[in-house]
**Q** 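One structure, pasted below without further comment.
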Amino acid sequence: MEKVEHIVLEHEKNERIDKVISGLEADWSRTQVQQWIKEGLVLVNHQPIKTNYKCNISDQIEISIPDPEVLDVIPEGMDLDIYFEDRDVIVVNKPKGMVVHPAAGHLTGTLVNGLMAHCKDLSGINGVLRPGIVHRIDKDTSGLLMVAKNDKAHEHLVNQLVAKTVTRKYKALVHGNIGHDYGTIDAPIARDPKDRQSMTVVENGKHAVTHFHVIERFKDFTFVECRLETGRTHQIRVHMKYIGFPLAGDPKYGPRKTLDLNGQALHAAVLGFTHPRTEEYLEFEAPLPKEYEELLEKLRKN
């Protein structure tokens with residue numbers, strides 16, 4: 001365990017302890033520092049303190065940096081479809097059928113396994129099984145994800161999600177013919193009390209908003225673009241079902257008689273965010289998977 005010492009300077013007087021410490025190293029985030037303080041790894045004048053402690057001039061800060069946690073997830077070489085990468089962020093186009101991160105008893109074949117083989121420096125904020133993962137998309141949803149390579153980048157990107165400044169646009173094929181061109185679904189989402197494996201719209205659920213517009217209409221289906229304002233579990237799938245237009249191929253929220261797609265017709269097509277270091281706005285777009293394009297072509301011919 002490495003130890004770091006710092007004497008509080010005049011310009012740091014009355015600053016919160018977590019802010020002062022996170023400013024000492026570029027890769028130390030305030031979230032990480034707050035966790036160290038809670039674990040008793042930070043002492044001021046040889047005494048433990050709370051995260052809201054205000055520094056005084058000449059305070060002696062002692063930080064015991066814990067050894068990195070051993071990660072029991074196996075790196076696996078994969079042909080990842082990477083759209084952008086630098087020392088802070090990776091943007092990757094996840095194929096349909098791939099799980100984003102490992103879970104207990106399922107530690108291989110995930111996007112995280114592939115990322116760990118590709119780069120050794122993923123943010124640890126999200127825990128041992130989800131290094132670098134800022135947000136996720138379902139196994140059978142394809143498309144773009146942003147992944148953080150250090151804790152400061154992770155915290156910055158999460159804050160953008162909370163502030164609703166990240167652009168997330170999805171292409172979806174839904175059952176039925178939506179009569180109007182634009183719409184907004186503002187309906188709270190939570191676990192279904194009758195089925196804990198599913199989400200549903202409930203009065204006391206978490207705030208959830210989805211905006212959509214129609215791209216193309218077919219006889220029995222509508223092709224739409226959905227823009228997420230919030231990011232709840234299964235949000236688009238639940239919201240479109242709620243208004244009577246469930247996703248084609250959705251085994252959980254769609255009708256039994258549906259297109260044989262091996263999962264919902266949903267693609268995370270556009271992802272935009274402010275770069276955590278340069279403050280430049282970046283936006284990426286991934287084309288529809290080949291089988292998705294072929295499906296739309298069949299519907300056009302019919």
Side-chain angles (χ1 to χ4, degrees), residues 83 91 93-94 96 135-138 140-146 160-190 192 198-203 205-250 252-255 258-259 261 263-274 281-289 291-302:
Y83 272 51
V91 176
N93 184 24
K94 184 190 82 67
K96 182 174 185 173
H135 63 127
R136 51 162 289 183
I137 54 179
D138 298 328
D140 291 326
T141 299
S142 57
L144 296 171
L145 277 170
M146 55 184 177
Q160 291 182 54
L161 287 168
V162 172
K164 303 176 184 176
T165 59
V166 176
T167 301
R168 288 174 291 171
K169 297 178 181 178
Y170 289 69
K171 301 289 179 63
L173 183 70
V174 302
H175 284 275
N177 206 301
I178 300 177
H180 41 285
D181 292 339
Y182 295 90
T184 293
I185 309 163
D186 185 345
I189 292 175
D192 189 336
S198 299
M199 309 299 289
T200 191
V201 171
V202 293
E203 187 175 351
K206 292 183 178 179
H207 178 59
V209 178
T210 304
H211 307 279
F212 70 87
H213 75 263
V214 172
I215 300 172
E216 191 172 358
R217 293 181 175 89
F218 307 102
K219 181 181 178 183
D220 299 313
F221 299 90
T222 305
F223 185 41
V224 298
E225 179 180 88
C226 296
R227 180 174 64 83
L228 289 180
E229 184 173 312
T230 56
R232 306 305 176 197
T233 301
H234 300 170
Q235 179 171 315
I236 292 173
R237 298 164 67 186
V238 171
H239 270 173
M240 296 310 293
K241 175 188 176 182
Y242 178 66
I243 64 169
F245 301 98
L247 267 64
D250 193 330
K252 186 179 290 288
Y253 302 105
T258 184
L259 299 172
L261 302 176
Q264 63 275 0
L266 186 61
H267 175 67
V270 177
L271 177 64
F273 57 91
T274 300
Y281 179 74
L282 305 175
E283 187 169 290
F284 307 92
E285 183 168 3
L288 291 172
E291 67 269 21
Y292 205 155
E293 287 281 14
E294 291 174 348
L295 170 61
L296 293 177
E297 195 56 40
K298 285 182 182 179
L299 292 174
R300 290 184 186 108
K301 289 178 180 178
N302 290 337

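Numbers here are sequence positions counted from 1.
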**Q** Output the distance between atom NE2 (H211) and atom CD1 (I185), rounded to the nearest 0.5 Å.
**A** 10.0 Å

**Q** What do the steps show when you test L271 against E283 for side-chain contact (heavy atoms from CB on, under 4.5 Å), and what is the final call?
**A** CA-CA 6 Å; L271 177 64; E283 187 169 290; over 6 Å; no

**Q** What are the two closest non-hydrogen atoms of C226 and T210, and how far apart are they?
**A** CB-CG2, 4.0 Å

**Q** Between L173 and L259, does the side-chain contact (heavy atoms from CB on, under 4.5 Å) criterion hold? Intermediate values first, please.
**A** CA-CA 10 Å; L173 183 70; L259 299 172; 4.0 Å; yes

**Q** Inspect the surroundings of OH in Y83 and state if more than 12 heavy atoms from other residues, nucleotides or ligands are less than 6.0 Å away.
**A** yes

**Q** Please determine which of I215, I236, L247, V214 meets the side chain to side chain contact (heavy atoms under 4.5 Å, CB included) test together with V224.
**A** V214

**Q** State, yes or no, whether a side-chain contact exists between M240 and D250 at a heavy-atom distance under 4.5 Å.
**A** no

**Q** Determine whether a donor-acceptor pair (N or O, by modelled atom type, separation under 3.5 Å) exists between the side chain of T230 and the backbone of V209.
**A** yes

**Q** Using the six-membered ring wherever Trp is involved, compare the ring planes of Y292 and H267 and label them parallel, tilted or perpendicular (cut-offs 30° and 60°).
**A** perpendicular

**Q** Return the set of residues passing ring pair (Phe, Tyr, Trp, His ring centres under 6.0 Å) with F221 (not counting sequence neighbours), or none when no residue passes.
**A** H175

**Q** Of all heavy-atom pairs between A190 and G205, which one has the smallest distance, and what is that distance?
**A** CB-CA, 3.7 Å

**Q** Return the set of residues passing salt bridge (charged side-chain N to carboxylate O under 4.0 Å, His left out) with D138 (not counting sequence neighbours), or none when no residue passes.
**A** R136, R237

**Q** Name the residue from H234, K206, H239 that meets the side chain to side chain contact (heavy atoms under 4.5 Å, CB included) definition with I189.
**A** H239

**Q** So, for P246 and G254, which heavy atoms are closest and what is the spacing to 0.1 Å?
**A** CB-CA, 3.9 Å

**Q** Give, for atom CD1 of I243 and atom CD1 of I178, the distance between the pair rounded to the nearest 0.5 Å.
**A** 5.5 Å

**Q** Is there a donor-acceptor contact under 3.5 Å from the side chain of Y253 to the main chain of M199?
**A** yes

**Q** Let me see the working for F284 and F273 under side-chain contact (heavy atoms from CB on, under 4.5 Å), right down to the final yes or no.
**A** CA-CA 9 Å; F284 307 92; F273 57 91; 4.0 Å; yes

**Q** What residues, two or more places apart in sequence or in another chain, satisfy salt bridge (charged side-chain N to carboxylate O under 4.0 Å, His left out) together with D181?
**A** R217

**Q** Checking the side chain of T165 only, and the main-chain atoms of Q160 only, is there a donor and an acceptor separated by less than 3.5 Å?
**A** yes

**Q** With a 4.5 Å limit on heavy-atom distance, are the side chains of K94 and T141 in contact?
**A** no

**Q** Measuring from atom CG of L282 to atom OG1 of T274, what distance do you get when rounded to the nearest 0.5 angstrom?
**A** 8.0 Å

**Q** Can you pull out every salt bridge (charged side-chain N to carboxylate O under 4.0 Å, His left out) where at least one residue sits in residues 219-233? Sequence neighbours excluded, please.
**A** K164-E229

**Q** Could you tell me which non-hydrogen atom of V201 sits nearest to which non-hydrogen atom of A187, and how far apart they are?
**A** CG1-CB, 3.7 Å

**Q** Going by the rule ring pair (Phe, Tyr, Trp, His ring centres under 6.0 Å), which residues pair with H213 if we only count those two or more places apart in sequence or in a different chain?
**A** Y182

**Q** Would you indicate whether the side-chain heavy atoms of M146 and L161 approach each other to under 4.5 Å?
**A** yes

**Q** Compare all side-chain heavy atoms of T222 with those of F212 and state whether any distance is below 4.5 angstrom.
**A** no

**Q** Is the closest side-chain heavy-atom distance between V270 and L144 below 4.5 Å?
**A** no

**Q** Does the side chain of K96 reach to within under 4.5 Å of the side chain of L266, using non-hydrogen atoms?
**A** no

**Q** Please output the side-chain donor-acceptor pairs of residues 295-302 that fall under 3.5 Å, not counting sequence neighbours, one pair per line with the distance.
**A**
| unit_1 | atom_1 | unit_2 | atom_2 | d |
| --- | --- | --- | --- | --- |
| E297 | OE1 | R300 | NH1 | 3.1 |
| R300 | NE | E216 | OE1 | 3.3 |
| R300 | NE | E216 | OE2 | 2.8 |
| R300 | NH2 | E216 | OE1 | 2.9 |
| N302 | ND2 | K298 | O | 3.3 |

